[in-house]
Amino acid sequence: MANASPVVIVGGGPSGTAAAAMLGKYQISSIIVEEAPKIGGVIYRGPLRKTQSLPHLDDNLQRAMSALRTRYENNRSFIDLKLQTRVLGPEGKQQLLLSENGQLTTQSYNELILATGCHERSIPFPGWQLPGVMLLGGVQLQIKSGLVRPGARMALVGTGPLLPLVACQLHKAGVNVVGVYEASSFNKLAKEAVALLNKPKLTLSGLSMMGYLKKHQIPFYYGHGIVNAQGSNKLERITVAPYDEQWQADHRQSQSVEVDAIGVGYGFVARTQLAMLLGVEHKYTKVSGYIPKLDDNFLSSQDNLYVVGDSSGLLGADAAICEGQIAAIDIALKRGAVTTSVAQKEKQKVMRKHARIARFRFGFDRFSERQNGLLNLAQDDTVVCRCEQATKKQLDDAIKQGVKDLTTLKMRTRIGMGDCQGKTCSSYALDLLHQAGHKQNSKTGVIKPRFPLDPIPFTFMEETFDEQI
């Protein structure tokens with residue numbers, strides 16, 4: 001059974017690579033389909049061009065990047081890696097349509113592991129479309145993969161552990177970081193001390209980052225956040241203010257900060273569009289958005305389809321590695337490549353580690369839980385849906401007129417009808433519905449993904465049509 005058809009893995013980040021490596025340990029072949037030119041995901045991909053050193057990245061991150069690469073190299077003979085290849089959606093039964101090397105191809109599978117990660121949660125505010133306003137993940141990509149400084153004078157706004165991490169990386173890269181603004185109060189973080197002790201090394205690493213910021217006189221403000229961004233043709237300044245417990249900005253104490261770029265990070269959303277197209281059952285969570293319903297082995301409602309990593313819930317890279325390994329062990333057991341006792345022993349060890357990580361992350365989730373004050377940042381003329389240029393007022397008016405679900409809101413305002421299929425606007429729109437008193441249920445809905453997940457250029461189909469003629 002170990003020599004059966006390869007397991008197909010969509011995503012070459014921490015979870016996808018860990019799954020492939022674990023399968024290789026049991027001599028099971030796999031195919032990784034990855035849209036980037038390198039494996040590792042946003043977290044561990046590293047530079048896209050050669051460099052002798054990475055002084056802007058801390059030692060822990062460099063060790064993790066090296067460990068992922070080693071894990072892959074040690075099992076390379078069992079892994080077929082398809083880079084710069086996008087999955088456009090299902091094509092028939094147990095088959096995927098791919099955009100590969102400038103043409104359309106298909107990939108069949110018996111077992112499928114989706115490790116598609118997450119995308120950033122967009123929070124509209126006046127000026128958020130100005131050049132120089134970036135999400136934190138985009139800032140990290142420029143630093144880590146592009147080896148480019150995103151700006152010369154920057155501020156970071158948002159919530160969560162990425163703020164101090166990115167601030168340190170920017171400073172080491174030569175950026176003048178003029179301030180870091182964390183929406184939640186320090187008292188709220190202090191209440192999560194017990195949860196944070198589940199990962200003491202990671203907690204100490206966080207304290208070390210805060211010490212670095214203090215040493216280099218980089219201000220870190222708890223209970224503060226963005227109000228707006230201003231500039232003529234590009235970002236020139238931002239307004240920040242204290243936030244109350246509901247993250248409502250106190251405009252009486254607002255202040256202007258001159259910057260040429262900012263990083264904005266108010267959380268992430270699980271990237272589950274492909275899982276939805278494949279018919280996997282989902283459930284709604286406030287932290288991650290819609291995520292698949294999974295069993296202890298990360299097996300979905302379909303008996304040959306697993307979902308791992310941030311696409312199954314936002315627990316970070318360490319948990320993603322565990323989840324990829326657990327799914328791989330289950331496949332190895334079903335294929336008869338490992339005995340039940342060995343599989344159980346291996347799985348329990350990984351699950352204990354995963355549980356500790358989850359308890360740690362749940363503490364941060366409680367600390368960083370977004371509050372309704374964020375919904376009040378956008379003004380009437382602030383664009384919420386960039387694809388269709390739908391404004392906050394259009395959404396508010398539709399909800400006041402009786403719209404109670406996302407599908408109807410989409411029909412009334414055209415949100416989610418563009419190429420991004422609602423990745424940018426749907427989470428914010430759903431929060432507006434919740435704020436209006438429409439509780440989450442099966443009727444509140446989701447902007448369902450459309451096939452293909454990415455636009456297909458006509459040039460991709462020329463050869464196919466010529467063959468048919």
Side-chain angles (χ1 to χ4, degrees), residues 42-43 45-62 65 120-183 206 208-222 224-243 249 254-267 377 382-383 386:
V42 174
I43 301 294
R45 188 178 302 147
L48 298 179
R49 53 190 170 91
K50 290 185 178 180
T51 180
Q52 292 184 342
S53 63
L54 298 169
H56 55 297
L57 303 184
D58 65 84
D59 293 339
N60 289 336
L61 182 57
Q62 293 190 55
M65 290 166 62
E120 293 184 83
R121 183 181 293 276
S122 296
I123 301 296
F125 53 84
W128 77 305
Q129 297 191 86
L130 283 170
V133 177
M134 292 171 281
L135 297 176
L136 275 186
V139 172
Q140 278 203 307
L141 274 177
Q142 290 199 34
I143 302 172
K144 294 196 296 187
S145 297
L147 299 178
V148 172
R149 285 194 291 267
R153 181 180 171 86
M154 294 186 65
L156 300 180
V157 298
T159 187
L162 264 187
L163 286 176
L165 172 62
V166 177
C168 291
Q169 291 172 345
L170 286 171
H171 183 266
K172 291 176 182 178
V175 176
N176 178 14
V177 182
V178 297
V180 184
Y181 300 88
E182 161 63 60
S208 175
M209 291 176 203
M210 296 302 293
Y212 178 92
L213 297 180
K214 186 173 182 179
K215 176 183 176 182
H216 294 279
Q217 298 182 322
I218 298 172
F220 195 102
Y221 302 94
Y222 285 98
H224 283 70
I226 190 73
V227 174
N228 59 48
Q230 307 118 44
S232 51
N233 297 316
K234 61 180 181 179
L235 181 65
E236 297 172 5
R237 73 193 68 83
I238 60 171
T239 301
V240 294
Y243 279 9
S254 65
Q255 57 180 311
S256 180
V257 182
E258 291 188 5
V259 291
D260 61 0
I262 60 169
V264 183
Y266 284 103
L377 293 176
T382 303
V383 170
R386 292 176 170 182

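Every heavy atom of this structure was used, including side-chain atoms; hydrogens, water molecules and symmetry mates were not.
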Shortest non-hydrogen contact from [X] to [Y]?
X: M154; Y: V139; value: CE-CG2, 4.3 Å
X: A249; Y: V227; value: CB-CG2, 4.0 Å
X: Y266; Y: A183; value: CE2-CB, 4.1 Å
X: P150; Y: M134; value: CB-CE, 3.5 Å
X: G231; Y: L130; value: N-CD1, 3.6 Å
X: A173; Y: R149; value: O-CD, 2.9 Å

Within the distance-only criterion (no hydrogens, no angle test), does the side chain of [X] pair as donor or acceptor with the backbone N or O of [Y] below 3.5 angstrom?
X: Q129; Y: V383; answer: no
X: R45; Y: S145; answer: no
X: E182; Y: G160; answer: yes
X: D260; Y: R153; answer: yes

Under the side chain to side chain donor-acceptor pair (under 3.5 Å) definition, can you give me all pairs with a residue in residues 227-242, not counting sequence neighbours?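 As it turns out, the side chain to side chain donor-acceptor pair (under 3.5 Å) pairs with a partner in residues 227-242, which skip direct neighbours, are N228-Q230, N228-T239, Q230-T239, S232-E236.
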Rounded distance (nearest 0.5 Å) linking atom CD1 of I226 with atom OG of S254: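 With rounding to 0.5 Å, CD1 (I226) is 11.0 Å from OG (S254).
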Angle class for the Y212/H171 ring planes (parallel below 30°, perpendicular above 60°, tilted otherwise)?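 Because their plane-to-plane angle is over 60°, the rings of Y212 and H171 count as perpendicular.
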Quick one, [X] and [Y] - any side-chain contact, counting heavy atoms below 4.5 Å?
X: F220; Y: M209; answer: no
X: H224; Y: V240; answer: no
X: I262; Y: V257; answer: no
X: P124; Y: L377; answer: no
X: K144; Y: M65; answer: no
X: V264; Y: Y181; answer: no
X: H216; Y: V177; answer: no

